[in-house]
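A short write-up of the structure that comes next.
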2 protein chains.
Amino acid sequence: MTESESALRRMGLRLTPQRSAILGYLEGNETHPSAGEVFQALRAEHPTMALATVYNTLRCLVEAGLILEIRVAAGEVNYDPDTSTHDHAYCTRCGRIFDLPRAAASGPEAGPPGFSVESVRRVLYGRCAECVGKQK
Amino acid sequence: MTESESALRRMGLRLTPQRSAILGYLEGNETHPSAGEVFQALRAEHPTMALATVYNTLRCLVEAGLILEIRVAAGEVNYDPDTSTHDHAYCTRCGRIFDLPRAAASGPEAGPPGFSVESVRRVLYGRCAECVGKQK
DNA sequence: ATAATTGCAAAAGCTTTGCACGGAA
DNA sequence: TTCCGTGCAAAGCTTTTGCAATTAT
């Protein structure tokens with residue numbers, strides 16, 4: 001059983017084949033897939049898995065703190081299995097999301113008066129190396 | 001004619017009553033409304049305005065650089081008439097979005113190798129003063 | 001006059017929900 | 001055995017699109 005799987009159990013969640021598959025796909029995955037992409041990727045190996053199950057599972061995993069959800073593009077939520085502190089760079093042409101180490105001095109984390117900060121997200125928007133200079 | 005309106009003209013866009021109304025509603029608005037909220041707010045004064053027009057107009061204004069779109073909550077895009085450099089704080093309980101001045105030292109703005117940065121967004125997630133301590 | 005823009009309605013995505021069956025513990 | 005989780009289908013939302021009629025320039 002992987003570390004993530006035992007973490008699931010610790011959260012009081014059952015370990016089903018579907019959850020194993022989704023966790024296994026996310027593990028070490030740096031593509032920041034959306035729910036739909038996870039579904040497509042697992043379809044070959046798990047033809048009966050429902051898209052709703054993918055959504056349900058991803059929500060569970062987020063609530064359990066095993067993965068992060070990131071919102072950089074309109075119309076979809078992407079998931080990141082790396083829960084350590086880091087930033088993201090989003091290419092506005094190809095849509096890819098890159099991980100970035102967060103610099104030590106990334107600014108004060110103070111909100112408005114009385115605001116209790118739980119997490120800080122930082123996203124760089126621009127063109128990735130492959131898309132720089134290309135039109136449209 | 002307001003500054004925003006002449007800016008519209010400069011972009012080669014026509015100045016319609018609907019666009020004036022939307023610009024007027026956004027001007028100085030600090031609530032970061034979604035398209036649906038803009039539509040609801042203008043409904044009384046402009047009963048014939050279509051929701052699609054609101055969406056079209058907001059997209060125009062974003063492309064013209066007159067407003068910013070911000071994505072902090074799932075399922076909707078919010079708009080910010082303040083295009084100056086600043087950050088946001090999002091209350092995960094009540095959903096309100098607050099403006100934050102961006103500190104001078106807000107970290108390096110370098111992406112992956114070859115990445116050309118166009119803009120940087122920073123969001124603090126947490127509980128606002130009114131929601132801190134409240135349950136759920 | 002001309003072409004952009006609107007309103008309306010339909011459609012397209014993404015995501016959630018209800019419910020009966022099936023499987024993990 | 002228990003009841004959580006799955007699959008399926010339907011519904012909910014936000015957003016986009018097609019097209020005829022309207023209107024800014």
Side-chain angles (χ1 to χ4, degrees), chain A residues 1-2 4-23 25 32-43 45-64 66-67 69-79 95 97, chain B residues 1-2 4-23 25 32-43 45-64 66-67 69-79 95 97:
Chain A
M1 187 180 311
T2 71
S4 295
E5 288 176 342
S6 44
L8 253 194
R9 305 289 282 275
R10 252 177 277 125
M11 300 300 296
L13 299 171
R14 289 187 182 170
L15 180 53
T16 66
Q18 293 84 346
R19 288 179 177 171
S20 279
I22 293 172
L23 273 173
Y25 176 68
H32 308 84
S34 63
E37 286 165 351
V38 172
F39 176 66
Q40 289 298 335
L42 297 180
R43 209 165 185 186
E45 285 289 323
H46 302 260
T48 71
M49 180 156 51
L51 180 54
T53 297
V54 175
Y55 276 102
N56 289 336
T57 298
L58 290 171
R59 182 160 19 119
C60 279
L61 298 180
V62 169
E63 286 170 4
L66 296 178
I67 63 177
E69 55 178 35
I70 52 188
R71 295 186 250 270
V72 293
E76 73 177 21
V77 177
N78 296 279
Y79 296 89
I97 301 170
Chain B
M1 184 180 312
T2 71
S4 294
E5 287 176 343
S6 45
L8 253 194
R9 304 289 282 273
R10 253 177 276 124
M11 301 299 298
L13 298 171
R14 289 184 181 174
L15 182 53
T16 65
Q18 294 84 346
R19 286 178 179 171
S20 280
I22 293 172
L23 273 173
Y25 176 69
H32 309 84
S34 65
E37 285 164 352
V38 172
F39 177 67
Q40 289 299 334
L42 298 180
R43 210 165 185 185
E45 285 290 323
H46 302 260
T48 71
M49 180 157 51
L51 179 54
T53 297
V54 175
Y55 276 101
N56 289 336
T57 298
L58 289 172
R59 181 158 23 116
C60 279
L61 298 180
V62 169
E63 286 170 4
L66 295 178
I67 63 176
E69 56 178 34
I70 53 189
R71 295 185 251 270
V72 294
E76 72 178 21
V77 177
N78 296 279
Y79 296 89
I97 301 170

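Order of the sequence lines fixes the chain letters, A, B, ..., with proteins taken first and strands second; residue numbering starts at 1 for each chain. Computation of the quantities below employed the complete heavy-atom set of this structure, encompassing side-chain atoms and omitting hydrogens, waters and symmetry-equivalent molecules.
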Item checked: Atom pair distance, as rounded to whole Å: CG in L8(A) and C1' in dG5(D) -> 12 Å

Notebook entry, point to check: Which listed nucleotide (dG7(C), dT17(D), dT6(D)) is nearest to the side chain of M49(B)?
Noted result: dG7(C)

Next item on the list: Compute the angle between the rotation axes at the two ends of the helix from dA1(C)-dT25(D) to dA25(C)-dT1(D), each taken over five pairs, rounded to 10 degrees.
Entry: 40°

Next item on the list: Round to a whole Å and report the spacing from CZ of R59(A) to C1' of dT6(D).
Entry: 14 Å

Check: Taking R19(B) for the side chain and R14(B) for the main chain, is one N or O donor matched with an acceptor at less than 3.5 Å?
Finding: yes

Check: Rounded to the nearest Å, what distance is computed from the CZ atom of residue R19(B) to the P atom of nucleotide dA4(C)?
Finding: 11 Å

Check: Roughly, in whole Å, what's the span from CZ in R43(A) to C1' in dC8(D)?
Finding: 13 Å

Item checked: Under-4.0 Å side-chain N/O to phosphate OP1/OP2 contact, Q18(A) with dG23(C) -> no

So which protein nitrogen or oxygen atoms get under 3.5 Å of nucleotides 11-15 of chain C's nitrogens or oxygens?
from, atom 1, to, atom 2, distance (Å)
dC14(C), O3', G75(A), O, 3.3
dT15(C), OP1, V77(A), N, 3.0
dT15(C), OP2, Y55(A), OH, 2.6
dT15(C), O5', Y55(A), OH, 3.4

Margin query: Restricting to non-hydrogen atoms, name the atom on A64(A) and the atom on L13(A) that form the minimum distance, rounded to 0.1 Å.
Written below: CB-CD1, 4.5 Å

Next item on the list: Please state how far atom CZ in F39(B) lies from atom P in dT14(D), giving the value in whole angstrom units.
Entry: 12 Å

Note to self: Pick the closest DNA chain C nucleotide for C60(B) and for P47(B) by heavy atoms, then say which residue is nearer the 5' end.
What the structure shows: C60(B)

Check: What string of B, S and - do you get for nucleotides 18-25 of chain D 5' to 3' if you count protein non-hydrogen atoms under 4.0 Å?
Finding: -----BBS

